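For clarity, every value in this text was computed on a predicted model and none was experimentally measured.
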Amino acid sequence: MPAKGLDWRLERFPEAIDAWIARESPSDDVRLIVIDWVMSRHDDPYRGMRREALPNLWFGPVRGTQTMGTVVTCSYWVYESTRTVRCNDICTLNQPI
């Protein structure tokens, strides 16, 4: 993994958040949790996520969004050579995931 202390560049997260909000109408509290979580990807895109079968694809729950049997999840691509994290999708899934 790359050296700590260097910020990652985030791509396509605003569009994914807007699409998720339009599609699922989450509460204001959940929206703020997700936005705060997205911003934490600047520091460490790997934290709390798991690598999927496709190269560079990471997936996992957004911590603090578990409610009534659902959880908000995110998938994104991590490109270490350019220190870029490109959002694939944000959605709410039934648990367990």
Side-chain angles (χ1 to χ4, degrees):
M1 273 193 259
K4 294 215 179 231
L6 301 175
D7 282 346
W8 291 79
R9 184 170 45 125
L10 305 181
E11 294 180 346
R12 299 185 186 164
F13 281 92
E15 297 89 347
I17 290 170
D18 289 346
W20 167 69
I21 290 170
R23 184 176 59 241
E24 300 181 22
S25 302
S27 70
D28 290 341
D29 290 341
V30 172
R31 290 178 198 199
L32 291 174
I33 291 169
V34 170
I35 291 168
D36 185 54
W37 178 88
V38 165
M39 297 310 293
S40 76
R41 303 298 96 183
H42 277 290
D43 300 323
D44 184 358
Y46 304 103
R47 184 180 37 211
M49 304 300 277
R50 67 175 183 248
R51 191 174 197 159
E52 293 298 312
L54 297 173
N56 305 325
L57 182 61
W58 290 75
F59 171 82
V62 175
R63 186 175 177 180
T65 62
Q66 299 85 0
T67 57
M68 300 186 312
T70 65
V71 64
V72 178
T73 62
C74 185
S75 61
Y76 51 76
W77 305 91
V78 176
Y79 301 103
E80 290 187 0
S81 62
T82 59
R83 296 195 58 78
T84 302
V85 181
R86 182 175 298 144
C87 188
N88 182 55
D89 195 18
I90 296 174
C91 64
T92 304
L93 299 177
N94 290 328
Q95 292 181 321
I97 56 168

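Side-chain N/O atoms of Thr84 and Trp77 include no donor and acceptor closer than 3.5 Å.
At least one side-chain heavy atom of Arg51 sits less than 4.5 Å from a side-chain heavy atom of Asn56. Residues Val85 and Trp58 are not in side-chain contact: their nearest non-hydrogen atoms beyond the backbone lie 4.5 Å or more apart. Looking at Thr92 and Thr73, their side chains never come closer than 4.5 Å, going by heavy atoms from C-beta outward.
Atoms SG and CZ, from Cys87 and Arg41 in turn, are 11.0 Å apart once rounded to the nearest 0.5 Å. Here the straight-line distance linking atom CZ of Phe13 with atom NE2 of His42 works out to 9.0 Å at 0.5 Å rounding. We find the CH2-CZ distance between Trp20 and Arg31 to be 7.5 Å, quoted to the nearest 0.5 Å.
Smallest separation of non-hydrogen atoms from Asp7 and Arg83: O-NE, 3.6 Å. Between Gly48 and Pro61 the shortest heavy-atom distance is O-CD, 4.2 Å.
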Would Arg86 and Tyr79 count as a side-chain contact (heavy atoms from CB on, under 4.5 Å) here? Give the steps.
CA-CA 8 Å; Arg86 182 175 298 144; Tyr79 301 103; 3.8 Å; yes

Would you please test Arg63 and Arg47 for side-chain contact (heavy atoms from CB on, under 4.5 Å) and show each step?
CA-CA 10 Å; Arg63 186 175 177 180; Arg47 184 180 37 211; over 6 Å; no

Test side-chain contact (heavy atoms from CB on, under 4.5 Å) on Tyr76 and Leu10; report intermediate values, then the result.
CA-CA 10 Å; Tyr76 51 76; Leu10 305 181; over 6 Å; no

Using the rule given for side-chain contact (heavy atoms from CB on, under 4.5 Å), can you reason through Leu54 versus Phe59, listing the C-alpha separation, both sets of side-chain angles and the distance that settles it, and then say yes or no?
CA-CA 11 Å; Leu54 297 173; Phe59 171 82; over 6 Å; no

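Both Ile35 and Ile90 are members of a single hydrophobic cluster when ILVMFWY side chains are connected at heavy-atom separations under 4.5 Å. Ile17 and Met49 fall within a single hydrophobic cluster, where Ile, Leu, Val, Met, Phe, Trp and Tyr side chains are chained together by heavy-atom contacts under 4.5 Å. By the criterion of side-chain heavy atoms lying less than 4.5 angstrom apart, applied directly or through intervening Ile, Leu, Val, Met, Phe, Trp or Tyr residues, Ile33 is grouped together with Ile21 in one hydrophobic cluster.
Taking Trp37 as the reference, nothing meets the side-chain hydrogen bond (donor to acceptor under 3.5 Å, both in side chains) condition, with sequence neighbours excluded. Not counting sequence neighbours, the partners of Arg9 by the salt bridge (Lys or Arg N to Asp or Glu O under 4.0 Å) test are Glu11.
Counted within 6.0 Å of CZ on Arg23, heavy atoms from surrounding residues, nucleotides or ligands total more than 12; the atom is thus considered enclosed.
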